Student: 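The structure's right below; bear with me while I get my questions together.
Note that these values count all heavy atoms, side chains included, but never hydrogens, waters or copies made by symmetry. Protein chains get the first letters and strands the later ones, always in sequence-line order, with residue 1 at the start of each. Note that the structure is predicted; figures quoted are calculated from it, not measured.
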Number of protein chains: 2
Amino acid sequence: MPLGSGRPATFFPAGSEIYAQGDLCASLYQVEFGAVRIYRLLSDGRRQISAFHLAGEMFGFEADKNHHFFAEAICSTGIRILSPSASHVVAELLPMALQSLVRAQEQLLVLGRQNAVERVAAFFLEMSERQGGLRQVELPMSRLDIADYLGLTIETVSRVFSKLKSKGVIRLPSLRNVEIVKLQTLQDMAA
Amino acid sequence: MPLGSGRPATFFPAGSEIYAQGDLCASLYQVEFGAVRIYRLLSDGRRQISAFHLAGEMFGFEADKNHHFFAEAICSTGIRILSPSASHVVAELLPMALQSLVRAQEQLLVLGRQNAVERVAAFFLEMSERQGGLRQVELPMSRLDIADYLGLTIETVSRVFSKLKSKGVIRLPSLRNVEIVKLQTLQDMAA
DNA sequence: CGTATCTTTGAGGGTAATCAAAAAGGGTGG
DNA sequence: CCACCCTTTTTGATTACCCTCAAAGATACG
């Protein structure tokens, strides 16, 4: 049984804020359906998305009393808000924190040492894995979100998509759906 | 009283391995003196250092049973090895994990969205802060380590050092010592 | 003092960013 | 259902930043 099932979920329309940088950390959150982006901003507006959260995943715990990040619904999203003091939540804190840490560290390697093609390939594989390892991958986020997650520009992301498509590595049945055609090639590309 | 004080420390010479990727996670580690680098490798040898650990800091906890990273002593280093089951260690796990998460997420912003000058400036400020906020900062690591931490090449790191020096923002009393002369300028540069 | 390693500096090239515009998609109202 | 508009995405041309390759200079160590 998933954490907090039975509690009501709150609905967030696409683009709406779940919490902002500076807000008090009052709760934990679990995605019921939809998707969430976690990000920071530089003073000149540059944005780095540090994580996406998909259905079933939890987020919202931070080291400080106040949030250092923004959280927004990417699309229509249902969120369960959990009291952080509930014992069954407390028990999950450490595993969740470690999971987030692994993801962040994985992302450090991508941002620090991989080129554009490798970043996009790694992104497709990550999204596929998190959606059950299927070849049909849904991308709830825009190209701009993907760019800000991968440390690239939207144009570069688009160009790499086109390149992988023309090479027959992926297909794009629609803007927000990717089909992985040559899995092995994609894995090789991710280095 | 620091964690595990009274237990003997193990000595690691410069460059020696503390644990390797794939090793079982058997312990937690606390730096007594010296410094440690935590890193991953890509198959072609590209290296990303995800963290440095200085005196007093702990490391070695991971989400999996096996280490996903390498840990090496940067210079002559003393390490206390702690049993992860000791109650006073267990109590520290969550705060430590969250602290590591914050650092990793901070680094994501640097690697994803900042240019070479901003990265180096942020690095100096981070090292200064972690050494008590002094203007005299010691760099136990080589230029190559710094480059692999900041996602740059050694040449670019060296050029930025020279540029900041020529602008009078920093002084370099020796290779491994930096003096922050114009703190405000450095902070502005870090964006 | 000599050698090996690390760091700095220089020249040139490549990848991704920027600037710009066309194309595609999505939503609304007629 | 279709036409229109606005937003997102794609594609193209050019620029800029950082990487690569190369060599000189500095530092550490035996």
Side-chain angles (χ1 to χ4, degrees), chain A residues 13-15 37 42 44-49 74-76 110-124 138-167 170-178 189 191, chain B residues 13-15 37 42 44-49 72 74-76 110-123 138-167 170-178 189 191:
Chain A
R37 59 178 167 251
L42 288 172
D44 61 1
R46 280 175 288 177
R47 182 177 71 156
Q48 178 65 39
I49 293 181
I74 289 173
C75 48
S76 297
V110 171
L111 296 185
R113 286 293 175 229
Q114 301 202 194
N115 64 31
V117 170
E118 291 169 334
R119 292 182 201 203
V120 171
F123 176 69
F124 285 149
E138 200 191 327
L139 305 177
M141 67 292 286
S142 69
R143 300 288 189 270
L144 183 58
D145 285 334
I146 296 171
D148 284 348
Y149 179 63
L150 297 179
L152 300 171
T153 61
I154 182 173
E155 294 95 331
T156 298
V157 168
S158 180
R159 273 184 249 273
V160 174
F161 272 51
S162 299
K163 188 175 174 184
L164 294 181
K165 191 172 72 169
S166 76
K167 281 190 174 183
I170 59 168
R171 290 203 323 121
L172 290 171
S174 75
L175 269 178
R176 300 290 175 96
N177 279 289
V178 182
M189 281 176 162
Chain B
R37 60 179 166 248
L42 288 172
D44 61 1
R46 281 175 288 177
R47 181 178 73 156
Q48 178 63 41
I49 293 180
E72 284 176 2
I74 289 173
C75 49
S76 297
V110 172
L111 296 186
R113 287 292 174 230
Q114 300 202 209
N115 63 31
V117 170
E118 291 169 334
R119 293 183 201 201
V120 171
F123 176 70
E138 200 191 328
L139 305 177
M141 69 292 288
S142 69
R143 299 290 189 267
L144 182 58
D145 285 334
I146 296 171
D148 284 347
Y149 180 62
L150 297 178
L152 300 169
T153 60
I154 183 174
E155 294 95 333
T156 297
V157 168
S158 179
R159 274 184 251 270
V160 174
F161 272 50
S162 298
K163 187 176 175 182
L164 295 180
K165 191 172 73 172
S166 75
K167 282 190 173 181
I170 59 168
R171 291 202 322 120
L172 290 170
S174 74
L175 268 180
R176 300 290 175 96
N177 281 306
V178 182
M189 282 178 161

Student: What do the steps show when you test B:R176 against B:S142 for side chain to side chain contact (heavy atoms under 4.5 Å, CB included), and what is the final call?
Tutor: CA-CA 8 Å; B:R176 300 290 175 96; B:S142 69; 3.7 Å; yes

Student: Is any side-chain N or O of B:S158 closer than 4.0 Å to OP1 or OP2 of C:dT8?
Tutor: yes

Student: From CZ of A:F161 over to C1' of C:dA24, roughly how many Å is that when rounded to an integer?
Tutor: 16 Å

Student: Where the side chain of A:R46 meets the backbone of B:R113, is there a donor-acceptor pair that is under 3.5 Å apart?
Tutor: yes

Student: Taking atom CG of B:L42 and atom CD of B:Q48, what is their separation to the nearest 0.5 Å?
Tutor: 9.0 Å

Student: Roughly, in whole Å, what's the span from NZ in A:K163 to C1' in C:dA16?
Tutor: 12 Å

Student: Nearest whole Å is fine: how far is C:dA16 P from A:R143 CZ?
Tutor: 18 Å

Student: May I have the step-by-step check of side chain to side chain contact (heavy atoms under 4.5 Å, CB included) for A:N177 and A:R171, ending in yes or no?
Tutor: CA-CA 9 Å; A:N177 279 289; A:R171 290 203 323 121; over 6 Å; no

Student: When the distance from CD1 of A:I154 to C1' of C:dA20 is rounded to whole Å, what number comes out?
Tutor: 14 Å

Student: Going through the checks in order, is the side chain to side chain contact (heavy atoms under 4.5 Å, CB included) test met by A:R47 and A:L144?
Tutor: CA-CA 10 Å; A:R47 182 177 71 156; A:L144 183 58; 4.0 Å; yes

Student: Rounded off to whole Å, could you give me the CG-to-P distance for the B:L144 and C:dT7 pair?
Tutor: 8 Å

Student: Any side-chain N or O of A:T153 under 4.0 Å from OP1/OP2 of C:dA17?
Tutor: yes

Student: Angle between the two end axes of the helix from C:dC1-D:dG30 to C:dG30-D:dC1, five base pairs per end, rounded to 10 degrees?
Tutor: 50°

Student: Nearest heavy atom decides the nucleotide; on that basis, is A:L152 or A:L175 closer to the 5' end of DNA chain C?
Tutor: A:L152

Student: In whole Å, what is the span from the CG atom of B:L172 to the P atom of C:dT7?
Tutor: 12 Å

Student: Can you check whether B:S162 has a side-chain N or O nearer than 4.0 Å to OP1 or OP2 of C:dT9?
Tutor: yes

Student: Nearest 0.5 Å, please: how far is CE in B:M141 from OH in B:Y149?
Tutor: 8.5 Å

Student: To the nearest Å, give me how far apart CD (B:Q114) and P (C:dA17) are.
Tutor: 15 Å

Student: Hey, is the side chain of A:R159 poking within less than 4.0 Å of OP1 or OP2 on C:dA17, counting only N and O atoms?
Tutor: no

Student: Would you classify B:R176 as touching base, sugar-phosphate or nothing, given that sugar-phosphate means primed atoms plus P, OP1 and OP2, and contacts are heavy atoms under 4.0 Å?
Tutor: sugar-phosphate

Student: Return the 5'-most residue of the pair A:T156, B:G151 with respect to DNA chain D, ranking by each residue's nearest nucleotide.
Tutor: A:T156

Student: Roughly how far, to the nearest 0.5 Å, is the OG1 atom of B:T156 from the CG atom of B:N115?
Tutor: 11.0 Å

Student: Check every nucleotide of DNA chain D for an atom under 4.0 Å from a heavy-atom of chain B, then give the first and the last such nucleotide from 5' to 3'.
Tutor: D:dC18 to D:dT27

Student: If you measure from CD1 on B:I146 to CG on B:L139, what distance do you get to the nearest 0.5 Å?
Tutor: 5.0 Å

Student: How long is the gap from CG on B:D148 to CG on B:L150, to the nearest 0.5 Å?
Tutor: 9.5 Å

Student: Please give, in whole Å, the distance from C:dC6 C1' to B:L139 CG?
Tutor: 14 Å

Student: With a 4.5 Å heavy-atom cut-off, do B:M189 and B:L164 have their side chains touching?
Tutor: yes

